Number of protein chains: 2
Amino acid sequence: MVQRGAYSKGIAKREEILTAALEIVARNGYSRATVRELADAVGLSQTGLLHYFGTKEQLFTEILRRRDEVDQRFYGDFDAAGLPDMAGGLERLVRHNAEVPGLVQLFSRFSSEAAEPGHPAHEFFRERYETARAGIGAGVERLRQAGRLPSDVDTERVTVLMLAVMDGLQMQWMYDPAVDMADHVAYLWRLVAGEQGEG
Amino acid sequence: MVQRGAYSKGIAKREEILTAALEIVARNGYSRATVRELADAVGLSQTGLLHYFGTKEQLFTEILRRRDEVDQRFYGDFDAAGLPDMAGGLERLVRHNAEVPGLVQLFSRFSSEAAEPGHPAHEFFRERYETARAGIGAGVERLRQAGRLPSDVDTERVTVLMLAVMDGLQMQWMYDPAVDMADHVAYLWRLVAGEQGEG
DNA sequence: GTCTATATCGCGATAGAC
DNA sequence: GTCTATCGCGATATAGAC
């Protein structure tokens with residue numbers, strides 16, 4: 001089809017913009033990431049950029065979606081692997097996050113903005129939390145069945161706590177980079193595993 | 001002194017504005033809380049209102065400071081009481097928060113915005129986290145010494161986790177009000193106390 | 001289908017009158 | 001102490017060039 005050329009060029013440009021935007025946000029933080037600056041960085045006018053994404057919110061949603069895909073490939077393959085090593089996967093993910101402060105900031109700001117019902121990105125984050133709970137929940141259950149966690153753990157509550165800790169640690173870390181997020185995630189796993197209070 | 005009249009009138013007006021703003025934010029959420037709307041609500045022009053607080057950021061900082069003071073009086077007196085009931089105090093605080101969604105939203109949005117170094121409210125939140133960690137840390141230590149927690153708990157890590165969980169639960173709760181924040185805080189206390197994995 | 005230029009709107013901030 | 005007027009900026013809707 002002849003159309004495919006033009007179409008795939010649009011797709012390619014979109015991808016190029018997304019990749020560039022991800023880098024800029026990671027480097028410069030959120031508040032410097034105005035539509036104009038991102039447009040400049042990819043050699044487009046402000047409207048030229050929005051032509052591909054519609055609104056600023058949609059652009060940022062796509063940036064985060066893309067980031068999730070990448071992270072999933074790198075740190076989320078505890079699903080594919082035979083052994084239930086989700087604990088390690090989450091820890092590595094958190095450790096990686098500490099190296100991209102701009103993205104942590106973007107996530108934190110955008111997700112708190114979109115918490116308001118009716119916000120254009122509200123659905124994205126609502127689903128994201130749902131998906132995350134399902135994924136982590138399955139991982140916790142597998143760990144339990146593998147005997148790595150006490151048989152009486154409340155998998156659902158542990159899942160919610162684990163997600164909450166990851167979000168909450170980011171806040172404390174942004175205000176004090178000395179806070180070791182991965183270390184605290186690991187400690188929570190130890191608490192859940194019951195490796196304490198036996199002395 | 002004659003001056004006192006004028007001076008105290010300014011103070012009184014400030015207090016009046018703060019109280020009104022707190023209510024409006026609690027009711028309407030953050031994004032509707034523009035300086036203009038808040039000004040209208042107290043019968044002032046935009047500039048009239050900013051005359052008392054300087055900038056929007058300073059106004060919101062004062063709102064949150066005031067809220068902390070109120071909360072401290074109601075839920076933070078585990079310091080004054082003889083018995084170490086901080087666990088219950090935090091649980092009650094969290095339960096109360098679920099009744100003022102607008103304030104939770106304000107805190108979430110404003111604290112994530114101010115996470116960027118150089119933001120006018122950065123110092124406020126940095127100190128707030130520091131103070132919170134000191135306060136909760138002391139409470140955890142007292143619980144440990146009272147024998148309500150295992151002697152080998154890592155008080156510092158538990159403190160950071162507890163704060164993180166409270167922040168993180170708010171995010172999940174905003175996207176799904178069915179999430180019972182107080183319940184999950186209680187479960188974390190149980191994990192820390194080691195009341196699990198003995199069956 | 002891709003992109004620019006222009007216009008508009010809402011926001012916070014500032015200057016200066018009263 | 002409070003107002004009116006105005007500015008600058010970010011996001012975005014529209015028209016239209018290529």
Side-chain angles (χ1 to χ4, degrees), chain A residues 1-18 20-21 24-25 28-63 105-106 109-110 113-114 116 118-122, chain B residues 1-18 20-21 24-25 28-63 105-106 109-110 113-114 116 118-122:
Chain A
M1 283 191 180
V2 188
Q3 292 256 357
R4 233 216 5 206
Y7 185 61
S8 68
K9 195 213 163 191
I11 296 281
K13 188 81 186 174
R14 246 181 87 107
E15 294 300 298
E16 185 196 322
I17 294 171
L18 238 41
I24 294 166
V25 170
N28 299 346
Y30 184 74
S31 62
R32 285 237 175 126
T34 80
V35 175
R36 253 190 192 94
E37 292 231 27
L38 293 176
D40 285 354
V42 295
L44 278 178
S45 73
Q46 204 192 157
T47 19
L49 172 61
L50 285 188
H51 171 250
Y52 291 98
F53 295 95
T55 67
K56 185 194 183 174
E57 277 78 25
Q58 286 169 344
L59 168 60
F60 282 146
T61 303
E62 290 311 309
I63 292 179
Q105 228 187 301
L106 169 64
R109 286 190 66 163
F110 199 47
E113 262 175 54
E116 194 142 17
H119 186 284
H122 190 81
Chain B
M1 283 193 179
V2 189
Q3 293 255 359
R4 231 214 6 200
Y7 185 63
S8 68
K9 196 212 161 194
I11 295 282
K13 189 81 183 175
R14 245 182 88 105
E15 293 300 298
E16 185 196 322
I17 294 172
L18 238 40
I24 294 167
V25 171
N28 299 345
Y30 184 74
S31 62
R32 286 234 175 129
T34 77
V35 174
R36 264 190 183 92
E37 291 229 28
L38 293 176
D40 285 353
V42 295
L44 278 177
S45 71
Q46 197 206 162
T47 16
L49 192 155
L50 283 189
H51 171 251
Y52 290 98
F53 296 94
T55 68
K56 186 195 184 172
E57 277 78 25
Q58 285 169 345
L59 168 59
F60 283 147
T61 303
E62 290 311 309
I63 292 179
Q105 230 186 296
L106 169 64
R109 285 189 64 164
F110 199 47
E113 263 175 52
E116 195 142 17
H119 186 285
H122 189 82

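To find a chain, count down the sequence lines: A is the first, B the second, and so on, and within it residues start at 1. Just so you know, these numbers use all the heavy atoms, side chains as well, and skip hydrogens, waters and symmetry mates. Remember, predicted model here, so these are calculated numbers, not experimental data.
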Spell out protein contact along nucleotides 11-18 of chain C as letters: B when the base is contacted, S when just the sugar-phosphate is, - when no protein heavy atom is under 4.0 Å; keep the 5' to 3' order.
BBBBB---

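- Residues B:Val42 and B:Ala20 approach most closely at CG1-CB, 3.5 Å, considering heavy atoms.
- When rounded to the nearest whole Å, the span between CZ of B:Arg32 and P of C:dG10 equals 14 Å.
- Cation-pi geometry between B:Lys56 and B:Tyr30 is satisfied (NZ or CZ under 6.0 Å from the ring centre, within 45° of the ring normal).
- When the P atom of C:dA5 is taken as reference, atom CG of A:Leu44 falls 12 Å away, rounded to whole Å.
- For the pair A:His51 NE2 and C:dG1 P, the computed distance is 8 Å after rounding to whole Å.
- Not counting sequence neighbours, the partners of A:Glu15 by the salt bridge (Lys or Arg N to Asp or Glu O under 4.0 Å) test are A:Arg66.
- A:Lys13 places its NZ atom 10 Å from the C1' atom of C:dT2, with the value rounded to the nearest Å.
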Between B:Phe110 and B:Ile63, does the side-chain contact (heavy atoms from CB on, under 4.5 Å) criterion hold? Intermediate values first, please.
CA-CA 11 Å; B:Phe110 199 47; B:Ile63 292 179; over 6 Å; no

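- Computed from coordinates, the A:Glu16 CD to C:dT2 P distance equals 13 Å when rounded to whole Å.
- If you measure from atom CG of A:Asp40 to atom P of C:dT4, you get 11 Å, rounded to the nearest angstrom.
- Remark: B:Arg32 CZ is loosely packed, at most 12 non-hydrogen atoms of other residues, nucleotides or ligands lying under 6.0 Å away.
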Decide yes or no on side-chain contact (heavy atoms from CB on, under 4.5 Å) for A:Arg109 and B:Glu113, but give the supporting numbers first.
CA-CA 6 Å; A:Arg109 286 190 66 163; B:Glu113 263 175 52; 3.3 Å; yes

